[in-house]
Amino acid sequence: PEHDETLTTQNNLALNYQYLGKFEESCNLLEQVLEIQLSIFGPQNPSTLTTQNNLALNFLHLGDYEKSSNLFNKALEIQISILGFEHSNTLKTQCNLAASLLHEQKFEESLKLFEQVLETQKSTIGIQHPDYLTTQHSIALVFQNQQKYEQSSNLLEQVLETQKLILGAQHPLTLKIQHNLALNYQYLGEFEESCKLFEQVLEAQKLILGIHNPATLATQSNLALNYQYLGEFEESSKLFEQLLDFQLLMLGPQHPSVLTTQFNIALNYQQLEKYEESSKLFKYIIEVEKSTLGPQHPSVLTTQFNIALNYQQLEKYEESSKLFKYIIEVEKSTLGPQHPS
């Protein structure tokens, strides 16, 4: 098993699993390969470092950010000592470590690393290189996560302008930047501006990526939310209902994203005074949430609260009161009597 060809085959199989999104299987293989490579070649061998980075990437995809960061950090220290700060492999690992730290919500550490990379890229590859623009985009995402939406938007607007010139307006990376800029506008309450951008992105994504692509569905969901915030409930419902059909097909009825979409449809029905239809959807959501989250989960209580509101509008005051009393009792026992809820 320790023969070079065997390791190469295992490594390639692990990479295939990674490309297919089978990250657990990929991890299992890469951990075996890494253990052998460390004992035969040592930690500074290029093959060992490649395996270590691929394993870290898998942990990043699996949401195990602590493991991911630890592995990237080890690889980075070795790469700096062997290859130097300015080598493309060093910069790539540094960006991956920064991304992992961003997911760990270590925003300042992440930002510091991305800014170091950006400074190096500025002098080595130039400000119009796709890698430089990707790093700028990543910094804008750190600002977004820090709720510094103005700073994030300013940077994204710069990147978007350059990206359109270099890659074109319909390139997936250009659309990704546009999507994040639209999100910032949404967070800032600039819903008209946000809608305008999301509509452009959605139209392009449908043509390029297809209607079932996760990126397309995410844009459709955000556009529907904007319409909801603007009080355009019919338009919002229409988009959410289309989205729900795709999500049920691809994710199944109990997926959290499906429940979120159903909840938003039910909210729209409530605003459109379709209280019976709204309640029917809310009741379905509660049944699923109770089995997956438990009867006293805040999401379950929020859904029950909305049913109680619907009963109130339907003049079913006894049923509404009964639900409100139940919610108050649960909240008192779980959150305490002084809680704002």
Side-chain angles (χ1 to χ4, degrees), residues 60 72 85-209 213-216 218-223 225-226 229:
L60 185 63
F72 280 134
F85 285 101
E86 294 188 356
H87 194 279
S88 59
N89 287 348
T90 307
L91 295 173
K92 190 178 178 182
T93 304
Q94 201 167 338
C95 280
N96 284 325
L97 174 58
S100 190
L101 290 168
L102 173 59
H103 285 294
E104 283 189 87
Q105 298 189 329
K106 294 178 179 178
F107 302 128
E108 292 303 329
E109 289 175 61
S110 176
L111 186 60
K112 190 179 173 183
L113 279 174
F114 277 131
E115 284 174 342
Q116 285 170 9
V117 172
L118 194 69
E119 198 58 37
T120 307
Q121 287 174 329
K122 193 176 183 178
S123 59
T124 55
I125 57 177
I127 60 171
Q128 292 200 326
H129 192 281
D131 290 348
Y132 182 87
L133 297 173
T134 300
T135 308
Q136 277 189 310
H137 184 201
S138 297
I139 290 171
L141 288 181
V142 177
F143 289 146
Q144 190 180 76
N145 278 276
Q146 289 178 307
Q147 297 180 6
K148 296 176 180 177
Y149 302 122
E150 293 285 358
Q151 278 175 267
S152 179
S153 295
N154 290 339
L155 194 51
L156 287 173
E157 281 163 6
Q158 288 173 37
V159 177
L160 185 61
E161 198 177 331
T162 313
Q163 197 88 303
K164 279 180 177 177
L165 287 171
I166 297 165
L167 299 175
Q170 294 200 324
H171 192 280
L173 288 176
T174 308
L175 296 175
K176 195 175 180 182
I177 293 161
Q178 212 167 341
H179 181 275
N180 282 314
L181 182 57
L183 267 184
N184 280 345
Y185 290 149
Q186 189 183 78
Y187 297 143
L188 289 164
E190 296 173 14
F191 303 121
E192 294 284 356
E193 276 301 306
S194 183
C195 271
K196 196 175 167 184
L197 268 180
F198 277 134
E199 282 165 358
Q200 289 171 19
V201 174
L202 186 62
E203 195 179 337
Q205 285 175 329
K206 281 180 177 177
L207 285 170
I208 299 158
L209 305 173
N213 186 279
T216 309
T219 304
Q220 192 165 336
S221 180
N222 279 306
L223 179 58
L225 269 179
N226 275 348
Y229 297 143

So how far is it from [X] [atom1] to [Y] [atom2], rounded to the nearest 0.5 Å?
{"X": "Leu60", "Y": "Leu102", "atom1": "CG", "atom2": "CG", "value": "9.5 Å"}
{"X": "Glu161", "Y": "Thr174", "atom1": "CD", "atom2": "OG1", "value": "12.5 Å"}
{"X": "Leu113", "Y": "Leu91", "atom1": "CG", "atom2": "CG", "value": "11.0 Å"}
{"X": "Ser110", "Y": "Glu104", "atom1": "OG", "atom2": "CD", "value": "10.0 Å"}
{"X": "Leu160", "Y": "Ser153", "atom1": "CG", "atom2": "OG", "value": "11.0 Å"}
{"X": "Lys106", "Y": "His103", "atom1": "NZ", "atom2": "NE2", "value": "13.5 Å"}

Minimum heavy-atom distance between [X] and [Y], given as atom pair plus value:
{"X": "Thr120", "Y": "Ser123", "answer": "O-OG, 3.0 Å"}
{"X": "Thr93", "Y": "Phe72", "answer": "CG2-O, 3.5 Å"}
{"X": "Leu202", "Y": "Thr216", "answer": "CD1-O, 3.6 Å"}
{"X": "Ala215", "Y": "Asn213", "answer": "N-OD1, 2.8 Å"}
{"X": "Leu155", "Y": "Gln136", "answer": "CD2-O, 3.4 Å"}
{"X": "Gly126", "Y": "Tyr132", "answer": "O-CB, 3.5 Å"}

Assess whether side-chain contact (heavy atoms from CB on, under 4.5 Å) is satisfied between Asn180 and Lys176, documenting all intermediate values.
CA-CA 6 Å; Asn180 282 314; Lys176 195 175 180 182; 4.3 Å; yes
Anything under 30° is parallel, anything over 60° is perpendicular, the rest tilted; go ahead and classify Tyr187 against Tyr149.
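Answer is tilted, since the angle falls between 30° and 60°.
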Test side-chain contact (heavy atoms from CB on, under 4.5 Å) applied to Gln121 and His129, step by step
CA-CA 9 Å; Gln121 287 174 329; His129 192 281; over 6 Å; no
Answer whether the closest heavy-atom distance between the side chains of Asp131 and Ser88 falls below 4.5 Å.
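The answer is no, as the side chains (C-beta and beyond) never meet within the 4.5 Å cut-off.
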Would you say Phe191 and Leu225 make side-chain contact, with heavy atoms under 4.5 Å?
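The answer is no; the side chains never approach within 4.5 Å.
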When you look at Asn145 and Val142, which way does the side-chain contact (heavy atoms from CB on, under 4.5 Å) test go after all the steps?
CA-CA 5 Å; Asn145 278 276; Val142 177; 5.8 Å; no
Leu141 and Ser152: side-chain contact (heavy atoms from CB on, under 4.5 Å), yes or no, with the steps?
CA-CA 7 Å; Leu141 288 181; Ser152 179; over 6 Å; no
Checking side chain to side chain contact (heavy atoms under 4.5 Å, CB included) between Val159 and each of Leu181, Thr135, Ile139, Ile177, which is the one that passes?
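Output: one option passes, namely Ile177.
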Residue pairs passing the side chain to side chain donor-acceptor pair (under 3.5 Å) test where at least one lies in residues 194-206, sequence neighbours excluded:
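Matches after skipping sequence neighbours: Gln178-Gln200, Ser194-Asn226, Glu199-Tyr227, Gln205-Thr219.
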List the atom pairs, donor and acceptor, that lie under 3.5 Å between side-chain atoms in residues 163-172 and the rest of the protein, sequence neighbours left out.
residue	atom	partner	partner atom	Å
His171	ND1	Leu173	N	3.1

Heavy atoms from other residues, nucleotides or ligands near CD of Glu157 exceed 12 (cutoff 6.0 Å)
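Yes - once you tally the heavy atoms of other residues, nucleotides and ligands closer than 6.0 Å, there are more than 12.
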